[in-house]
**Student:** 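I have a structure I would like to understand better, so I am pasting it below and will then ask my questions one at a time.
Hydrogens, waters and symmetry mates play no part in the numbers below; they use all other heavy atoms, side chains included.
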Amino acid sequence: MAMRKPKEINKILKTLTDRGFEAWCAGQCVAAGEMGHDALDWDIYTDADQETVRELFPEGEALGSRVTRIDNTTEVISDDINVPDTYDGVVADIVTLEGSIDDQLSIYDFTCEAIGEHAFKAASDPYAGRRDIKNKLLKPTGDIEEIFRKSPAKMMKALKYVALYGFDLDREIYAAMNDRADLLKKAPKEELLYDFTEAINGNSAGKMLKMIKGMNLLPAIIGDEGRSSERREEQEYELLCENIDNLKHIAQRRLVVFYLVFDRHYNKAVSYLPHEPEDLELYLETKKALPRLHFASDDTSLKKFIYGVGWDKYNFIDKVAKAQIITMGYNNQRAEGRDEILKVILREKQPIFVEDLRIDADDIIEAGITDDPEEADMLLNLLPDVIHKYPYRNERDQLLKYAKAFKKSKIRRALRDVTWLR
């Protein structure tokens, strides 16, 4: 029985076969499909030459002399950093065969990928890949040590099968990775980051992380700090492996929880692979902010914290803190208390941000407190510290009174959020 394929792929296969050409799917897309998973990237092999392929698919992009790519994906970008971006559609590389389909399948490194699915003929499975998929065993199609030597990144690809699909590694693959762990540090860091990010978001990420630790592959992910043997770190890593699969599938959150295990070396660990600058900034800020969030135990301190980081980052940092409760078994009393406080703040519509104030910079200028727009903005941005403590003072007259006092006295400005004890 042929596996289910996306409508875009079926359309390509039908176009080729209607013209009398061969049309085979192969690679990771077939492996995923055999297990009932969706695939984004598809490899399609045909005996049609590329001139014909580009005539049939004028929307395609030529990639060299043997490949035409059809990319109809649309990235769905979320404004909320707690909601992962997704893709609609698929990418298909239409490749002109050199020799038979079995000759072509020999280029794949793992048996589960070396399966040719035809549009209507019986599948070609020269390496018994379907059997290995059924047994969830990752096996090589050739000399695995040579494969890793030529392309160390294939080690991480092997681990992706563990993380995404729950595979076990064949003895040959495990031995080669265990013996030559140093090779993984030679893999391109961009490729390593992409694959590791995808893998840590899998259903069996904990199983993968255990293998990474056991085979001494951590230095390739976080640098030489991965060789640390501090007892606390070892214990937290074990807890992470046991519990990370209980977290939601949000890669950024899982990555931060992973990096937090390397507490004293966090900044170096998180900076080792080339994260996008905005992601790296978020990860570094999260580590710094977590202790402050921990002590945001009343409405004033919580509003002050949210004001300092903004709603999106607050939600991300808060979710990371709660993810640590799940993975590390921390007490959740503070998190529950924080949620209750926040419910009251939102229900009562207590002001948090400058936008919540009942005046703006123009009001400060109109009141004659200053005629300098920059100074008016500065004074306006001092006022949230007042209303965080005294939300009922979010009235025009009172806010202007505070703005005037801050204009006159640097001491008043400096001490605006100090609570005096008697």
**Student:** For T286, enumerate each residue passing the side-chain contact (heavy atoms from CB on, under 4.5 Å) test, keeping only those at least two apart in sequence or located in another chain.
**Tutor:** V256, L282, L290, F316, I317, V320

**Student:** With a 4.5 Å limit on heavy-atom distance, are the side chains of L399 and L357 in contact?
**Tutor:** yes

**Student:** Applying side-chain contact (heavy atoms from CB on, under 4.5 Å), name anything that partners E59, two or more places apart in sequence or on another chain.
**Tutor:** F57, I70

**Student:** For the pair R149 and E145, find out whether any cationic side-chain nitrogen is under 4.0 Å from an anionic carboxylate oxygen.
**Tutor:** no

**Student:** Answer whether the closest heavy-atom distance between the side chains of L63 and T68 falls below 4.5 Å.
**Tutor:** no

**Student:** Tell me whether D263 is salt-bridged to K287, with the criterion being a basic N under 4.0 Å from an acidic carboxylate O.
**Tutor:** yes

**Student:** Can you tell me if Y266 uses its side chain to pair, donor with acceptor, with the backbone of Y283 under 3.5 Å?
**Tutor:** yes

**Student:** Return each pair, listed once, that meets salt bridge (Lys or Arg N to Asp or Glu O under 4.0 Å) where at least one residue sits in residues 187-201; pairs must be two or more places apart or across chains.
**Tutor:** K160-D195, K160-E198

**Student:** Which residues pass the ring-ring contact (aromatic ring centres under 6.0 Å, His included) test with F305, not counting sequence neighbours?
**Tutor:** none

**Student:** Using distance only, find each side-chain donor-acceptor pair of residues 162-176 under 3.5 Å and give its atom names and separation, not counting sequence neighbours.
**Tutor:**
residue, atom, partner, partner atom, Å
D168, OD1, K207, NZ, 2.7
D170, OD2, E172, N, 2.9

**Student:** Which residue pairs satisfy the salt bridge (Lys or Arg N to Asp or Glu O under 4.0 Å) criterion with at least one member in residues 328-342, sequence neighbours excluded?
**Tutor:** D318-R338, K322-D339, E340-K343

**Student:** Within 45 degrees of the axis of the six-membered ring of F110 and under 6.0 Å from its centre: does K139 put its NZ or CZ there?
**Tutor:** no

